[in-house]
> 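The structure under discussion is supplied below as structure tokens; questions concerning it will follow.
Residue numbers start from 1 in every chain, and the chains themselves are labelled A, B, ... in the order their sequence lines are given, proteins ahead of strands. Just so it is clear, the model here is predicted, and its values are computed rather than measured.
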Amino acid sequence: MKISAYQMFWLVSISSLVELSYLPTHLAAAQSRQDCWISILLGGGFMLAVTWIMLKVCMQNKDKTLVGFIKDLLGTVIGKIVVVVYFLLWFMHMSIILKGLVEFQNLVMLHQTPMIVILLGVMFLVTYAVLKGGITAVSRCAEIIGPIFLFMLFIQLILNPQDMDIKRILPIYADTGWLSIVKGAFHSYNYMIDPSIILMLFFFAENKRNASRTILWGTTIALLWGVLSTLVLLFVTGPNLAMQLVFPIYSLTKFVSILNFIQNIDAFFIPLWLLGAFIKLSVCLFILSYGLSEWTGIKNWKLVAFLTTLIWLGYAVYCISDSRTSDMPNNLFLVSLFYPFLYLAVPLILWIAGSIRQRLKTPIAD
Amino acid sequence: MIRLLFRRSVPLVLSLVLSSCTDIVEPNQLAFVLGTSIDPAEGGQIEVGHQIVIPTQKSGPFDGLSESSEGFVVLSATGRDVFEASEKVQKKLSRKLMTSHRILIAISEDFINKNDVSALFDKLNRDPANNERDVTVMIKGSAKQFLTLGHPMEHLSSIAADKEMQVNGLKSFSTRQFIIDSVSEGTRPLLPTLQIQNAKLSSKITTPIAQWSGYAFLNKRLKVKGALNETEGSGVLWMSGKMMSQGLTVPWKDGKGALSFRLTHLRRQIRSGGNPEHVVLTVKAQAYLLENTTSLDMSEVNNKRMAERYVNDQLQKDLQAAMDKVRNWGTDAFGIGEHLHRKHPYWWKKQRDDWDDKFKSLNVTVKADIKLRSSGTSGAQLKP
């Protein structure tokens, strides 16, 4: 299973865009109102830096996945424990996206369809793609879906010209202050992109040098869209309305009215999001099950993928039926400990450990 | 063979389930709501009326007059909130109410004064079946009655009102804009007002139709504080940046004749130098002279310039008077507070809580800056 650099670009950018269009804008706007675009910019810059660090780690360990090289760098026991936390992260991301997708469908379009039907439909597609073709199939799908998805998302930003008022983002800083802006970034950056997927994906890249470049590009373009869409949202609705919109990007499509003729175009965007979410979920399912098979030593990762899907199904049903889980994005433990640990602490440690090892090795090699 | 059949039938069954046939609603199962009325009802309740088109009876725009039936129905019900009332309307209907394509929301003046308008916002913003592109107007009298009225030109009174606003250059009266203005710190909403009046359309027909009567100005608590008629109101609309084009007629100094212009590219600009207590609001437009009943020869440059200056002076006076009127109500429909909020954010923090009062004593100067672009296709007057 190999991924070309071009496919890597789409895998990373779609995964990031799906998350960006779902959670962070609302989380940031709730904290920093009209300055939430600064929050997104700050969080995005941070995430880009994290991606860069993770790429460094990947470049140091080209011939292994996360599960393989973390054992070398941190020792078997600690390595195995830390990887489990990453597994949890991916599993959580999968569940959040799936839950959001199903609830959104039920709210907006399919009022009568039972939740479980939508759930099974999506999961069937995801599992089918992963089991049938692994990451190769998923990345080929991404190659097709990606350009359309990206194009439509960027087009959407310019469909509301008559309702935009650039002054709505003023006054900058004065109403909120640094504390709120940083708080907005702090609450939202975790859900902008998921850089940790490349720790697994990079192993499959054909040309490592090109892949690392396209990963950075994919992330940057997604983050750029994130900042622009936040700005457009503020231009169109102003801060007071924006902070109450739970699905701001969806609401933006509803406001579109071109010449009083082209309206209600959200019907075009919802299927696109479904396709994007399909890529995101497939990538997560694949890396999770591949990592798990390496971790447990079970050679057949497809079997693991199948079992993972069953657990995932159970957890998703639990998530949807238990309303307490809906506040998860703001959970203090997750925001202040879990994510910083996974996104910053571990990659930094791995990077430092890898660098030291390389230094130590070089003299021996001479 | 059986294997093949099985393989073929599984995708078929799946495609039925996955394409969510459970949720399919054919257009002939839908009742398209084009207008919604909000009236007060007894006990703090709310009466919601839906104007629903009967699609089978609609063909050309002028068929409606000749037929006896009107092509639409208005059904209403009362409830504690919009949803409950709508559900009661739904009970009387054979088709599913579809509000996604609504054009207009009509709120009666009584409702605004008796009930809390902001209670409507939640339903509009929470339920995805609202588009928030529909315009919001205020009706003097019963909003439901407004929906039941016919219109000589259009199928429905709601379509007529929407088109009238577009044709006459009004913009930014969507429900979303109304909500944004209402929740913002330094802008107060203003609503176009319609009144039901008898109109003699021809020698035989005299029928009540809804006509523009002006604009209502709401305060922070969304109660009507004042109203302006059409003429004064259009100046205020210009100063609020909610108008794209309008006509202007200025009587000449000597009392003989008048100059009439078409104004396009209406803009306004709020300036407050270092002192937030003193604001200058400048209105700008491009003018095209279309009628001249004065004795001036408007092909002469000096006359043009003099007329331009005079018109600006007159306009400035009129707009200042309208501005002072609105300012005395304390209803900042111009968004001056929002401008100051953006320009002087720290000063604003002390003002925002009682802006309605503070706005009354604010010093606002209106300036007009109209550029005469063309004096039409005629030079001097045609004299017999």
> Using heavy-atom distances under 4.5 Å, tell me whether A/Ile172 contacts chain B through its side chain, its backbone, both, or neither.
neither
> Inspect the surroundings of NZ in A/Lys132 and state if more than 12 heavy atoms from other residues, nucleotides or ligands are less than 6.0 Å away.
no
> What residue in A/Leu107, A/Leu170, A/Ile118, A/Leu245 has the most heavy-atom pairs under 4.5 Å with chain B?
A/Leu170
> Quick one, A/Lys254 with B/Glu132, criterion side chain to side chain contact (heavy atoms under 4.5 Å, CB included). Give me CA distance, side-chain angles, the key distance, then yes/no.
CA-CA 8 Å; A/Lys254 289 207 60 137; B/Glu132 293 189 42; over 6 Å; no
> Tell me every residue that passes salt bridge (Lys or Arg N to Asp or Glu O under 4.0 Å) with B/Lys284, counting only those two or more places apart in sequence or in another chain.
none
> Tell me if the NE2 atom of B/His278 is crowded by more than 12 foreign heavy atoms within 6.0 Å.
yes
> Can you tell me if B/Lys223 has over 12 outside heavy atoms packed within less than 6.0 Å of its NZ?
yes
> Going through the checks in order, is the side chain to side chain contact (heavy atoms under 4.5 Å, CB included) test met by A/Asp175 and B/His341?
CA-CA 9 Å; A/Asp175 275 9; B/His341 173 198; 2.4 Å; yes
> Between A/Gln162, A/Arg168, A/Gln34, which shows the greatest number of heavy-atom pairs under 4.5 Å with chain B?
A/Arg168
> Determine the option with the most heavy-atom pairs under 4.5 angstrom with chain A, choosing from B/Arg342, B/His101, B/Glu338.
B/Arg342
> Given heavy-atom pairs under 4.5 angstrom as the criterion, report whether the side chain, backbone, both or neither of B/Asp127 touches chain A.
neither
> Are more than 12 heavy atoms, taken from residues, nucleotides or ligands other than B/Lys163, located less than 6.0 Å from that residue's NZ atom?
no
> Within a radius of less than 6.0 Å around NZ of B/Lys123, do more than 12 heavy atoms belonging to other residues, nucleotides or ligands occur?
yes
> Please state whether the side chain, the backbone, both or neither of B/Lys171 comes within less than 4.5 Å of a heavy atom of chain A.
neither
> Contact part of A/Val236 toward chain B, heavy-atom cut-off under 4.5 Å: side chain, backbone, both or neither?
both
> Given a strict heavy-atom distance threshold of 4.5 Å, which part of A/Tyr250 is in contact with chain B: side chain, backbone, both, or neither?
side chain
> Are there residues of residues 173-185 of chain B whose heavy atoms fall under 4.5 Å of chain A's heavy atoms? If so, which?
B/Arg176, B/Gln177, B/Ile179, B/Ile180, B/Val183, B/Ser184, B/Glu185
